[in-house]
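I am attaching a structure below and will ask some questions about it afterwards.
Residue numbering restarts at 1 for every chain, and letters A, B, ... go by the order of the sequence lines.
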Protein chains: 2
Amino acid sequence: MARIPGRLPTAPPTLADVAERAGVSRQTVSNAVNNPDLLRSDTLLRVQEAIEDLGYLPNRAARNLRTRASHLVGLRINPVQEGTASAIMDRFVHSLVETSREAGKHVLLFAGDPLDPLAGYDDLLRSTAVDAFVVTDTYLGNPQATWLGARRAPFVAFGRPWDNPSATHPWVDVDGAAGCALATTHLLDQGHERVAWIGWRKDSWIGEDRRSGWTRAMHERGLPTTGLASRVEDTVASGRGASAVLLDEARPTAFVCASDTLAMGVLHTLAERGLAAGRDVAVVGFDDSQVAQVVPPGLTSVRQPLEEVAVEVVKALEGLLAHPPAVGPGVLLTPTLAVRGSSSAVGFGS
Amino acid sequence: MARIPGRLPTAPPTLADVAERAGVSRQTVSNAVNNPDLLRSDTLLRVQEAIEDLGYLPNRAARNLRTRASHLVGLRINPVQEGTASAIMDRFVHSLVETSREAGKHVLLFAGDPLDPLAGYDDLLRSTAVDAFVVTDTYLGNPQATWLGARRAPFVAFGRPWDNPSATHPWVDVDGAAGCALATTHLLDQGHERVAWIGWRKDSWIGEDRRSGWTRAMHERGLPTTGLASRVEDTVASGRGASAVLLDEARPTAFVCASDTLAMGVLHTLAERGLAAGRDVAVVGFDDSQVAQVVPPGLTSVRQPLEEVAVEVVKALEGLLAHPPAVGPGVLLTPTLAVRGSSSAVGFGS
DNA sequence: ATATTGCTTTGGAACGTTCCAGACGACACG
DNA sequence: CGTGTCGTCTGGAACGTTCCAAAGCAATAT
């Protein structure tokens, strides 16, 4: 508790220190920082010099207290899913942090109990620790969205309000159907006709959306889809099992999967049977995870434009926190296809 | 700018609100929250009731201002390395966030210019936005450590002070040499005798440390290492090239790699040559990334105990921020080996 | 000459909390 | 009965910033 003078870090300079050095009032220094055009140019220069000399930076806590804003954005992260390929969240976090920085915001991470989707939000909100939230895990409806909405808490969702299309909160999402259509068309263009689908259980909105891209692309070319689809859990083992069954029963020459995790399951089956991914059977995944990028012979995968998503999310946040708040419509972005060996006859070659 | 009453979120209750409701002074409420044992039990109960009723939670900004502490820990993250397997950082972030929560802290992420290792630290420090930092990227010495040390900024490093063993800051690290020795011994136990090493360039402290584990394990069994080692950049292509050369020139039957990324390069070479990982040639990686977990037939990999690392880091942080600060010695943790198909004769089977 | 306007600068109050010194009553001790 | 001590509670000040209203001053308009 004792403050040993000189040993602890020197207290950072305050507004008053700068004011004294520049020979002006505190308020003038504040204006120099926040409204420079209010000052006469010579005083501005003098104050800026003093700021520079002292290495002054406004104290965050004081500023937050006065302005009732923390410039922090809360993002809840769940425990890592071991044995899963898609670390999509991580790529998004990186993009979000970088984009937020340009907007003068920082990202506050908090942990969540996977069983309680609301845990953590309330405390941060009531203690005014963050200005807004970015909500990501909207895979099964999104209780957070409705809850936060009821609390009048500002938030932007990465993911559409599937269960409530009339929701009014801002959201950004990626068109999964378009992505899977892209993947399927890519395979059809390579001459494949029996393209199978491995996706998630029916209660996943996202899964059904992605699946619809596959059916659409198949039907557009007049190809049947019956017997070519399988719905399982999002694990490597499930993908492996589903692909084994499909290969036996439907003899597909290509697979489109709802995730890289499932696609890796297909690669397992192919390896077991001595089939070469790409040459013998084509495989396309979803998320363009690191796994897809490094597994031999390279897994073709639908890539979400997470950088753009982050940009749109931050844009929406800024609108939301502006005075007065401006909330635009939802934004739907289109993914791209990262083509690799698993879907090209070339086989190996990166 | 206009505040439309009733439409915006109601202002959270303050100490004064609680005090009025409980019929006590502000200070008493504060004590009820921070020093409950100072109050008579009946007043405490009354105040707690009022707190509960109003859903009061202390305002973070005000508390931070007064106590000069933010309960935030800064963590700098770099842009994702595309085409790299090891997302070790992400697993660590998750663990850190969860452990921090238990310690009443949150993690503030900020972005860094990969070229300037110091960018971002200064601003957060001077604006008193964080109490301390967790420094992770100490791969090539660590300018952050010395810089932060000179600034008397509290920080804990994940990574040893390689270039300055007499550094006095707290650190936590994983024994890479032990991990590679573990991996090598595992292979030797399987009957391999010509175990090759693919690691990083000589200027990487971590790389040399890991390599020493391989040589130690080899020499302990009286096996030679000459001609069996290769030092390259940490990319899949490099691992692939290095393994191709080694296979031609030194005829190893197993590979130990400094990273999963390099190990994936080996898998590429094996696939090209029609060799089966595990059955024909064994491969062990480092980091136990998601890639290792899902790639067929499963990549055996050295797994860093990141959960423990996070626990130790937070423990060190708490010591550092205590009054008076207590800084213990560095902590070195031992990794484990996650054995999968790539190093077991069983081949496929998970 | 006086009032008006616009530009620049200023002092005081406020944000919500915790620190500090002191007040109050009860109780024990000399 | 006076005095000291302890346990409990309180009011004022302070943290460093921004908001607000107003003051000073020069130039212009009346």
Side-chain angles (χ1 to χ4, degrees), chain A residues 1-3 8 10-48 50-51 54-71 125-129 131 323, chain B residues 1-3 9-48 50-51 54-71 125-129 131 323:
Chain A
M1 207 55 97
R3 227 188 128 89
L8 289 177
T10 9
T14 74
L15 214 49
D17 298 330
V18 178
E20 191 182 6
R21 183 179 184 107
V24 295
S25 71
R26 293 194 321 278
Q27 182 56 36
T28 301
V29 179
S30 174
N31 284 336
V33 174
N34 301 306
N35 304 82
D37 44 338
L38 283 183
L39 300 197
R40 217 170 46 207
S41 55
D42 59 326
T43 24
L44 177 59
L45 213 66
R46 198 150 36 97
V47 175
Q48 285 176 332
I51 289 178
L54 295 176
Y56 168 77
L57 224 61
N59 178 297
R60 273 282 220 295
R63 173 176 275 186
N64 293 352
L65 176 59
R66 188 65 244 231
T67 62
R68 303 169 163 286
S70 65
H71 300 281
L125 200 55
R126 291 212 322 255
S127 64
T128 59
D131 294 341
H323 298 283
Chain B
M1 208 54 101
R3 230 187 127 89
T10 10
T14 74
L15 265 188
D17 298 331
V18 179
E20 191 182 7
R21 183 176 184 111
V24 295
S25 72
R26 293 192 325 274
Q27 182 56 39
T28 301
V29 180
S30 174
N31 284 335
V33 174
N34 301 307
N35 303 81
D37 43 337
L38 282 184
L39 300 198
R40 217 169 47 206
S41 55
D42 59 326
T43 25
L44 176 59
L45 213 67
R46 199 151 35 97
V47 174
Q48 285 176 332
I51 289 178
L54 295 176
Y56 168 78
L57 224 62
N59 178 297
R60 272 279 218 295
R63 172 176 275 186
N64 293 350
L65 175 59
R66 189 65 246 234
T67 62
R68 301 167 165 286
S70 65
H71 299 281
L125 199 57
R126 291 209 323 252
S127 63
T128 59
D131 294 340
H323 299 285

Any B:Arg68 side-chain nitrogen or oxygen under 4.0 Å from OP1 or OP2 of D:dG16:
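The answer is yes; a side-chain N or O of B:Arg68 sits under 4.0 Å from OP1 or OP2.
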Tell me whether the side-chain N or O atoms of A:Arg66 pair up with the base of D:dT18 as donor and acceptor below 3.5 Å, since no angle test is needed here.
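Indeed, a donor on one side and an acceptor on the other fall under 3.5 Å apart.
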Starting the side chain at C-beta, find the nucleotide from C:dT9, D:dT10, C:dT10 nearest to A:Thr43.
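Nearest nucleotide to the side chain: C:dT9.
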Check the phosphate of D:dG11 against B:Ser25, side-chain N and O only, distance under 4.0 Å to OP1 or OP2. Yes or no?
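Answer no for this pair, as no side-chain N or O of B:Ser25 is under 4.0 Å from OP1 or OP2.
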On DNA chain D, compare the nucleotides closest to B:Leu44 and A:Asn35; which residue's is nearer the 5' end?
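Residue closer to the 5' terminus by nearest nucleotide: B:Leu44.
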Regarding B:Thr67, tell me which of base, sugar-phosphate or nothing describes its non-hydrogen contacts under 4.0 Å with the strands shown.
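Counting heavy atoms under 4.0 Å across all strands, the contact made by B:Thr67 is with sugar-phosphate only.
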Strictly below 4.0 Å: does B:Arg63 bring a side-chain N or O up to OP1 or OP2 of C:dT18?
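B:Arg63 to C:dT18 OP1/OP2: side-chain N or O found under 4.0 Å.
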Heavy-atom pair of closest approach, residues B:Ala61 and A:Asn64
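Scanning both residues completely, I find the closest heavy atoms to be CB-CB, 3.6 Å.
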Rounded to whole angstrom units, what separation is found between the CZ atom of A:Arg40 and the P atom of D:dG24?
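The distance from CZ of A:Arg40 to P of D:dG24 comes to 16 Å, rounded to the nearest Å.
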Taking all atoms of both residues into account, what is the closest heavy-atom pair of A:Tyr56 and A:Leu15, and its distance?
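For A:Tyr56 and A:Leu15, the tightest heavy-atom pair comes out as OH-CD1, 3.2 Å.
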Determine: side-chain N/O of B:Asn34 to OP1/OP2 of C:dT18, distance under 4.0 Å, yes or no.
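For C:dT18, OP1 or OP2 has a side-chain N or O of B:Asn34 closer than 4.0 Å.
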So if I take every side-chain heavy atom of B:Thr28 and compare against D:dC9, C:dG11, C:dT18, which nucleotide ends up nearest?
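For the B:Thr28 side chain, the nearest candidate turns out to be D:dC9.
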What are the two closest heavy atoms between B:Arg63 and B:Pro58, and how far apart are they?
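Heavy-atom minimum between the residues: NH2-CG, 3.4 Å.
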What is the distance, rounded to the nearest whole Å, between atom CZ of A:Arg26 and atom P of C:dT10?
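To the nearest whole Å, that distance equals 11 Å.
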Given D:dT18, D:dG11, C:dT17, the nucleotide with the shortest approach to the side chain of B:Gln27:
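Looking only at side-chain atoms, B:Gln27 lies closest to D:dG11.
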When you compare the side chains of A:Asn59 and B:Thr128, does any donor N or O come within less than 3.5 Å of an acceptor on the partner?
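There is such a pair between these side chains.
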Grab the CG-C1' distance between A:Leu15 and D:dA14 for me, whole Å please.
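Taking CG of A:Leu15 and C1' of D:dA14, I get 16 Å after rounding.
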In whole angstrom, give the distance that lies between atom CG of B:Asn64 and atom P of C:dG16.
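Result: 14 Å.
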Measure from CG on A:Leu38 to C1' on D:dT18 and round the result to the nearest Å.
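Atom CG in A:Leu38 sits about 13 Å away from atom C1' in D:dT18.
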Take the protein atom CG of A:Leu65 and the nucleotide atom C1' of C:dA13, then report the distance between them rounded to whole Å.
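The answer, rounded to whole Å, is 13 Å.
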Measure from CG on A:Leu39 to P on C:dT10 and round the result to the nearest Å.
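Between P of C:dT10 and CG of A:Leu39: 9 Å.
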DNA chain D: 5'-proximal contact among A:Asn31 and B:Gly23 (nearest heavy atom)
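By nearest-heavy-atom nucleotide position, the 5'-most residue is B:Gly23.
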Rounded to whole angstrom units, what separation is found between the CG atom of B:Asp37 and the P atom of D:dC6?
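One finds 17 Å between P of D:dC6 and CG of B:Asp37, rounded.
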Would you confirm whether A:Arg46, through its side chain, and A:Ala22, through its main-chain N or O, come within 3.5 Å as a donor-acceptor pair?
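At least one qualifying donor-acceptor pair exists.
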Of all the nucleotides listed (C:dT17, D:dT17, C:dT18), which has the minimum atom distance to the side chain of A:Ala62?
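Nearest to the side chain of A:Ala62 among the choices is D:dT17.
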